[in-house]
Amino acid sequence: MTEATLETARALMGDTLAFHILFALLGVGLPFLMSVFEGLGLWYKDEDYRRTARTMGFAVTALFVTGAVSGTIVSFQINLLWPYFMQFANPIIGLPFVLEGFAFLVEAVFLGIYLYSWDKLSPFAHWLCSFPLWIGSFASAFLITTVNGWMNNPQGFTLAPDGTVSNIQPWVAMFNPTAFYEITHSLLAYYLTATFLVAAVFAWRLLRIKKTGGNEGYYQKMLTLLLSLALFFATAVGIAGDNSGKHIAQTQPIKFAAAESVYKTGGYQPLVWAGYVVPVRSETEDPDIRYELSFPNALSWLAFDNPSAVVQGLDAFPRSEWPPLYIHYFLNIMITIGIYLGLVPLVFFLLRHSPWRAYAFNRPLLWAIVAGAPLAFLAVEMGWMLTEIGRQPYIIKGIMRTSEAVTTNTDMLIFAWIFPFAYLVLFAFTWWILRYHYIVKART
Amino acid sequence: MTEILLPYLPILAYTLVLLFITLYAVLSSIEFGAAIYLALPRPLITREQVEQYFGPVWESTNVFLIFSLVGLVMFFPAVVPYLAELYALASIALLFFVVRVLGIFGIFYGDSKHPAFKALFAIGSLGAPLALSGAFYVSLTGTAPAVLPTTLLLAIWGAVVSAICILSATFILHVARSQVDTARFARTQLVGSGVFLLCAAHILAFSPALIQPGIVPLLAFTVILLSTSLAIVLRERTHPLAAFLAHALAVAALIYGTALSHLPYLIYPVLSIETAFTAPEMFLAMLSVVPFGLLIAIPTIGLLWHLYARSSILRQ
């Protein structure tokens, strides 16, 4: 194994996952939103909601196709690029992969049923068909995230000094405690992102209507619902993120120290915000951060509910175990965007329930909603990069290093640029057909 | 109880993996064939018919490919480093899937009539299974396909293409009999069946040095011959669904016959199913969830089929 092989494998896996997550999260979030819209349509006997659910069907189908292909690529890449990881992990944490197959099957079949049966089933029966669809996609994400939780906090087996594995408990491995925190945080973030994406589409339409004229009422009604969902999800993501952070502080202290830029162990740790992480160029050079904002005692309090609590810094661990220190940026970007995504709907509802309610749909706020969609995707990407890069140099925390897991096959060097190019083309085509369907075709 | 079952677990696991592969081969062939028929200079099927009978959820059949891969690597984790040696082959297959989706997007979602999209759809639909079948070649011979294909590889490719043609033809005849040129599809089935029989005979006759194939290849070929002949008769008596099922049985017989006659090797001659097998605890845990999964999956597929069949009949 050469350094080039390892870096290429990392890049290929990173490209693949970064691309797939965009579609996977929409595959989780959009069916749920469709179900909510259709359910409200039934409850209030309001065709506007049902129309919205039906309109979203095309996007869900198109994104499902892209997601199915990128998901297939992920399942191959993970085996082909990291064979020694899969060889070790499969007998311990293979169960969620099998279950995920069934969840995907249910999702795929019910997507077909849902789309086929708009005019063939009663409205209530059709709405019920949306449940297996969003539950299936939820279960897919849930199961795959349990594997990631296990990689961050492996359990459910005994490892002998000679490397042999015994006492395998598949269910214990699957229901590891880290999975719970990762699942709540990531799934809520997917729902928030999908909600912001749809809200951004409606906000964009409202901006266009304000220019060209048209019926604003429908878009305002949908946007109000979406922003109330966004406010709920943003609050829930914040709470889940806080819990997840506390859990990481206890179970993955090196990742926590690098992400929060804690370089020296001690109590009364300040919360370090933003700043410039000075690259460490030699083994003897101490890590440093400059131009940061510092909130005294806040990190000890946030992590352990006690302002004097001792937080382990990077100095407590050997340098060979440190993850890259730039993961501090990922955490900061993710949290900053999370706050933004909570503030936008909050401002909207404050305006709406104030004497200035006429300004609730003002142009700057609509633009802020539009901007929220790409930012939400960016936050999800940052979150996963923090999780994955923050675990380095390990692929399974404390058990297997990434360099031990990688393939020795150098064929991948040829494909290092082909796959990213293919993803770009696929992304462009997905964008093209969505634009064609919702803008060009709708206009004609 | 577990101790009694223990020696049989690897073969049970292998049988399940072969089932997933068979399901993928049969179900994906329907869609792959439609792409080829659409791209012919004189198309056997129209864009509207493909969309009507094969949409709206494209690429769902990939779930069975994932099942096959997951089953293989979960039940036999020692196979993964050997699979990693097939990176180039697998990547080519994956890129063909991307090409296929670009075609689908252009034709069915972008409403484009540009022939390039039909070409992409067909190239992806043909290229992906041909590349994937390379893994089958590796498992039988223990060597990667060479630049100049051997007769065995040509036979595997021939079996793949002919299976796609006959399975798709009989399925299309079932769902859209009144709307298509049945005579051309009948000829396609006849020619495809002949090619399939020839290729199957060659594949089943392949026997590397360390293997005593026994009676399995002969039995498998007998099943293939009978079911293929039956499929032709059934199609002529206008029972295309039964013909499709008979062809599916022939494909299953080829896959199972070849794999079982090469036992105990998973990859000849380096890896047997016993040495590659996972921890029994994990396999039993996985096995325990399969009935639960099937309990959900079978009724849902049944419901989809019911709605689909009803809508197809209504549309006809």
Side-chain angles (χ1 to χ4, degrees), chain A residues 58 61-62 64-66 68-69 71-73 75-76 79-81 83-84 86-88 90-92 94-95 97-102 104-106 108-113 115-117 120 132 165 168-171 407-409 411-412 414-415 418-419 422 425-426 429-430 432-433 436-437 441, chain B residues 55-67 69-71 73-75 77-88 90-91 93-95 97-102 104-106 109-111 278-279 281-283 285-286 289-290 292-294 296-297 300-301 303-304 307-308 310-311:
Chain A
F58 179 85
T61 317
F64 176 88
V65 174
T66 312
V69 171
T72 307
I73 296 175
S75 61
F76 272 84
N79 281 288
L80 300 171
L81 294 174
Y84 302 103
M86 292 305 278
Q87 190 179 3
F88 178 85
N90 283 351
I92 306 165
L95 193 57
F97 286 112
V98 176
L99 287 168
E100 199 268 344
F102 284 110
F104 179 42
L105 181 64
V106 169
V109 170
F110 267 94
L111 182 56
I113 291 172
L115 295 170
Y116 252 127
S117 60
K120 296 182 182 69
V165 173
I168 292 171
Q169 298 165 286
W171 295 101
T407 178
T408 50
N409 186 344
D411 286 350
M412 72 171 123
I414 307 163
F415 291 89
I418 298 178
F419 274 107
V425 174
L426 199 51
F429 267 68
T430 311
W432 165 55
I433 55 153
Y436 170 76
H437 183 85
K441 209 171 171 181
Chain B
V57 186
W58 298 98
E59 300 303 303
S60 299
T61 46
N62 277 2
V63 73
F64 292 103
L65 177 62
I66 293 174
F67 266 130
L69 178 72
V70 167
V73 301
M74 295 300 151
F75 299 160
V79 80
V80 189
Y82 295 96
L83 277 184
E85 293 306 311
L86 301 178
Y87 187 85
S91 296
L94 295 173
L95 290 169
F97 278 115
V98 175
V99 167
R100 182 179 137 80
V101 166
L102 300 183
I104 288 172
F105 278 172
Y109 291 69
D111 296 334
T278 187
E281 302 93 319
M282 175 50 80
F283 178 69
M286 288 192 222
V289 301
V290 168
F292 172 72
L294 292 177
I296 299 171
T300 55
I301 292 172
L303 178 60
L304 178 65
L307 287 167
Y308 175 83
R310 205 168 66 175
S311 81

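Residue numbers begin at 1 in each chain, while the letters A, B, ... track the order of the sequences.
You'll find the side chain of A:Phe58 reaches within 4.5 Å of the side chain of B:Tyr109, heavy atoms only. Side chains of A:Leu105 and A:Val109 form a contact here, defined as non-hydrogen atoms less than 4.5 Å apart. Looking only at side-chain heavy atoms (C-beta outward), A:Leu80 and A:Thr407 stay at 4.5 Å or farther from each other.
Contact record, B:Gly110 with A:Ile433: N-CG2, 3.9 Å, taken as the closest heavy-atom pair. Residues A:Asn90 and B:Val73 approach most closely at ND2-O, 2.7 Å, considering heavy atoms. In plain terms, the two heavy atoms of A:Pro132 and A:Val106 that are nearest each other are O-CG1, 3.9 Å. Between A:Pro91 and A:Ile168, the shortest heavy-atom contact is O-CG2, 3.4 Å. Taking both residues in full, the closest heavy atoms of A:Ala62 and B:Phe105 are given as O-CZ, 3.7 Å, listed atom of the first, atom of the second, then distance. Scanning all heavy atoms of the two residues, the minimum distance from B:Glu281 to A:Pro170 falls at O-CG, 4.0 Å.
Contacts with chain B were tallied for A:Ile418, A:Asp411, A:Asn409; A:Asn409 has the most, counting heavy-atom pairs under 4.5 Å. Note: B:Val80 leads B:Val289, B:Val80, B:Val290 in heavy-atom pairs under 4.5 Å with chain A. Contacts with chain A were tallied for B:Ile66, B:Leu83, B:Leu102; B:Leu102 has the most, counting heavy-atom pairs under 4.5 Å.
Both the backbone and the side chain of B:Tyr87 have a heavy atom closer than 4.5 Å to some heavy atom of chain A. Proximity to chain B is limited to the backbone of A:Ile92, based on heavy atoms less than 4.5 angstrom apart. Interface residue B:Phe64: only side-chain heavy atoms are found under 4.5 Å from chain A. For chain B, the nearby parts of A:Phe429 are the backbone and the side chain; heavy atoms of each come within less than 4.5 Å. Heavy atoms of B:Val70 lying under 4.5 Å from chain A belong exclusively to its side chain. Residue contact with chain A, scored on non-hydrogen atoms closer than 4.5 Å, involves the side chain of B:Leu65 exclusively. Within the 4.5 angstrom heavy-atom criterion, atoms from both the backbone and the side chain of A:Leu95 approach chain B. Proximity to chain B (any heavy atom under 4.5 Å) is restricted, for A:Tyr436, to the side chain, taken from C-beta onward. Residue contact with chain B, scored on non-hydrogen atoms closer than 4.5 Å, involves the backbone and the side chain of A:Phe97 alike. With a 4.5 angstrom heavy-atom cutoff, B:Leu69 touches chain A only via side-chain atoms.
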